[in-house]
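As structure tokens, the structure follows; a few thoughts come after it.
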There are 4 protein chains.
Amino acid sequence: MRIKDELKQEAIFKATIKLVNKIGFVSSSVSKIAKEANVSPATIYIYYKNKEDLLVSTFLRIKQQLGTAMLKNFDESKPIRDVFRTIWFNSFNFIQINPDLINYVEQFQNSPYYDLIDIKAAESSFEPVLMMIKKGIDQKIIKDVSLDMIGAFIYYPIMILSNPRRTRNIKLDKKTIEKAFQLAWDAIKL
Amino acid sequence: MRIKDELKQEAIFKATIKLVNKIGFVSSSVSKIAKEANVSPATIYIYYKNKEDLLVSTFLRIKQQLGTAMLKNFDESKPIRDVFRTIWFNSFNFIQINPDLINYVEQFQNSPYYDLIDIKAAESSFEPVLMMIKKGIDQKIIKDVSLDMIGAFIYYPIMILSNPRRTRNIKLDKKTIEKAFQLAWDAIKL
Amino acid sequence: MRIKDELKQEAIFKATIKLVNKIGFVSSSVSKIAKEANVSPATIYIYYKNKEDLLVSTFLRIKQQLGTAMLKNFDESKPIRDVFRTIWFNSFNFIQINPDLINYVEQFQNSPYYDLIDIKAAESSFEPVLMMIKKGIDQKIIKDVSLDMIGAFIYYPIMILSNPRRTRNIKLDKKTIEKAFQLAWDAIKL
Amino acid sequence: MRIKDELKQEAIFKATIKLVNKIGFVSSSVSKIAKEANVSPATIYIYYKNKEDLLVSTFLRIKQQLGTAMLKNFDESKPIRDVFRTIWFNSFNFIQINPDLINYVEQFQNSPYYDLIDIKAAESSFEPVLMMIKKGIDQKIIKDVSLDMIGAFIYYPIMILSNPRRTRNIKLDKKTIEKAFQLAWDAIKL
DNA sequence: GATGAATGAGTGTTCATTCAT
DNA sequence: CATGAATGAACACTCATTCAT
């Protein structure tokens with residue numbers, strides 16, 4: 001029964017994220033996740049090798065979703081700033097619709113599990129963005145610094161601003177997002 | 001009676017940070033910290049009410065150290081950009097000398113313990129920086145956005161860039177730091 | 001799945017009573033009980049929510065057994081004194097066969113856990129005895145005092161006399177029990 | 001300084017009883033008792049060999065007080081029933097004035113420490129009562145049964161009736177005590 | 001005599017994982 | 001495939017007691 005399988009795996013995936021949101025990464029034990037998914041702890045070990053595998057897989061899957069969302073309406077024929085702006089708003093839209101996914105990502109990235117991740121692979125879906133940035137650098141539109149640094153001023157401010165634990169008194173309305181984009185763009189543009 | 005051994009408390013403090021660096025926040029149990037400090041687990045409970053108290057106190061103490069370090073040679077009579085640049089380099093210097101302290105802070109801020117912190121109090125030593133930013137906004141030198149947003153483009157890039165887990169292939173040499181400062185300043189300046 | 005092992009739960013039940021007998025209520029820790037039952041400490045938490053649940057459940061189960069034993073050959077058509085005498089001997093028989101159960105009950109009733117017990121519910125199996133006493137009061141055979149007081153002169157002397165810790169040099173032979181019954185009956189009869 | 005010593009020992013004695021009343025025998029640790037007595041844990045070990053010694057000594061001292069109180073106005077020239085009645089009311093008076101002492105005794109007697117007590121010695125102050133009972137037996141006023149059994153119908157009902165944990169809905173007013181005496185006397189009288 | 005610091009052994013409980021069905 | 005039972009190891013924390021002053 002193929003369908004049943006996928007339903008179960010999906011339930012585990014969702015339960016993992018939901019529970020991490022509810023009680024935090026640290027307190028989310030395998031058996032609690034199993035209970036949240038209405039499944040036996042042993043069942044989780046059918047779909048995942050161990051806890052690490054479960055958490056890492058969940059992370060990678062979210063990353064992929066995030067990558068897809070970011071690149072909606074991606075059109076590299078447009079001016080770089082416009083493309084960049086689209087990505088920026090895509091990100092915030094996704095975050096506003098799926099705050100729990102981003103919370104999971106944040107918590108995961110600050111856990112020891114993150115050390116196990118092959119970043120290149122994890123960020124493969126962001127490849128077009130990287131290409132765009134490189135093009136921007138070539139065209140002297142974006143500053144000539146390492147991609148990691150660009151990321152530090154783009155990707156992470158997004159994460160921080162959308163993390164209610166970090167910025168407890170900011171509201172992500174359209175105007176705020178627009179301003180944030182302005183800062184980010186000013187940072188990286190030549 | 002036996003005199004309260006300052007060395008012992010210091011050993012616990014250092015062991016906590018060292019262990020969080022070695023094995024991560026989550027895995028750092030009280031007994032492991034005790035072992036690292038060459039102390040009985042029970043001894044920790046002489047100096048701290050419980051694990052939370054240990055972790056929170058350690059965090060606050062680091063924050064204070066960081067605040068002091070940041071404000072070295074702080075001279076508000078100088079142009080804002082210069083003051084800002086001094087703080088920027090102070091931060092990176094401190095981080096380069098004490099990478100483990102910053103790693104602890106980062107991990108702490110992404111733990112549920114951070115929710116317990118009174119941010120205002122924790123960041124009181126950063127007050128002069130906030131004042132400077134406000135002055136910059138008034139003088140139309142810095143963009144008129146919320147402090148949280150300024151922070152997202154200043155404080156957090158510093159943290160990220162200096163977190164080897166996050167940016168595994170960046171070297172914090174003088175040139176890189178200078179460049180990073182350029183991006184940060186461009187982001188917030190009007 | 002592995003089937004829930006009735007034998008295991010039974011082993012825990014018996015180990016609890018045995019250990020309380022051997023080393024006392026206070027010193028009987030969960031891990032010691034587990035060891036006595038040849039079971040992992042964690043296993044106990046499959047069958048009981050926590051230590052309190054284990055101890056309370058064990059108490060209630062014994063109480064029920066005691067209630068059943070007391071009421072053997074209960075025949076309310078007989079004269080009250082005879083019914084009462086039957087109960088009295090039933091009790092001592094049960095106690096002689098199961099001295100450890102009674103010791104457990106005694107220790108439990110003097111522990112803080114006893115405060116959690118709903119007495120009405122715990123003594124529901126004694127209901128017929130209470131009814132009989134009430135009938136005896138109505139018929140002017142038994143003194144018109146509160147049930148608690150009747151209990152103090154019936155139930156507790158039984159407990160005390162059968163508790164070797166309390167009365168170290170009494171032997172519960174038939175003659176002694178008969179005498180004890182005489183005292184109890186004289187106390188409550190009108 | 002003799003005075004200081006005795007004050008300290010007295011403080012420990014009172015703190016022990018108070019704490020056992022507040023949080024129970026089981027939870028009363030040496031350091032908590034020390035805190036309650038405004039004394040260092042180590043100080044307790046100056047006056048008592050160990051915890052057992054502390055608890056046992058406290059018990060014996062209370063027993064002695066109880067014995068003294070019971071025998072107030074003891075006049076063996078009076079009829080046995082009257083003497084007995086006096087003792088009965090003395091007991092209840094003492095209990096009503098010092099409920100915490102009795103609570104301590106009760107808890108102690110159901111602890112493993114009680115096994116260490118030399119009953120003969122502990123009850124030496126009750127000697128006159130025992131003598132009286134023996135005289136009563138000789139004069140064919142009291143039933144010819146062992147002292148332990150007499151005790152089971154006298155001493156323990158007093159304890160039980162005055163233990164609020166055991167008899168949660170009885171009030172020890174004068175009438176109730178009188179009735180209880182009636183039952184006790186009927187039990188043992190020939 | 002009096003103290004608070006210090007501790008190894010213990011507490012109740014939860015963990016990630018495996019087993020037997 | 002799916003399960004709940006079962007577990008040894010670990011968790012945060014407290015204990016009775018001793019040590020050094």
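Naming convention: chains lettered A, B, ... in sequence-line order (proteins, then strands); numbering from 1 in each chain.
- Residues I17(B) and N98(B) form no side-chain contact, since every pair of their non-hydrogen atoms from C-beta on lies 4.5 Å or further apart.
- Taking atom CD of residue Q9(D) and atom C1' of nucleotide dA2(E), one finds them 14 Å apart after rounding to whole Å.
- The CD1-C1' distance, from I44(D) to dA16(F), rounds to 11 Å in whole Å.
- Remark: K35(B) is not in phosphate contact with dG8(E), judged by side-chain N or O atoms under 4.0 Å from OP1 or OP2.
- Rounded to whole Å, atom P of dA2(E) lies 14 Å from atom CG of N38(D).
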Check your understanding: Reading nucleotides 10-16 of chain E from the 5' end, what letters show protein touch, with B for base, S for backbone sugar-phosphate only, - for no heavy atom under 4.0 Å?
Key -> -SSBBBS
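- Under the 30°/60° scheme for interplanar angles, the aromatic rings of Y113(A) and F108(A) are found to lie parallel.
- Of all the heavy atoms in T58(D) and L54(D), the pair that sits closest is OG1-O, 2.7 Å.
- Look at CG on L7(A): it is 16 Å from P on dC1(F), rounded to the nearest Å.
- At distances below 3.5 Å, at least one donor-acceptor pair connects side-chain atoms of Y104(D) with backbone N or O atoms of L55(D).
- Atom CD1 in I46(B) sits roughly 13 Å away from atom C1' in dT17(F) (whole-Å rounding).
- Under the 4.5 Å side-chain criterion, counting only non-hydrogen atoms from C-beta, Y47(C) is not in contact with F13(C).
- Listed for the D100(D) side chain is no donor-acceptor partner under 3.5 Å among the backbone atoms of N21(D).
- Here dA6(F) presents its C1' atom at 11 Å from CD1 of I12(C), a figure rounded to the nearest Å.
- Going from atom CG of L19(A) over to atom OG of S27(A) covers 8.5 Å, rounded to the nearest 0.5 Å.
- Put simply, OG on S28(B) and NZ on K18(B) are 12.5 Å apart, with the number rounded to the nearest 0.5 Å.
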Check your understanding: How would DNA chain E look in dot-bracket form, 5' to 3', counting Watson-Crick and G-U wobble pairs with both distances under 3.5 Å and writing | for bases paired to another strand?
Key -> .||||||||||||||||||||
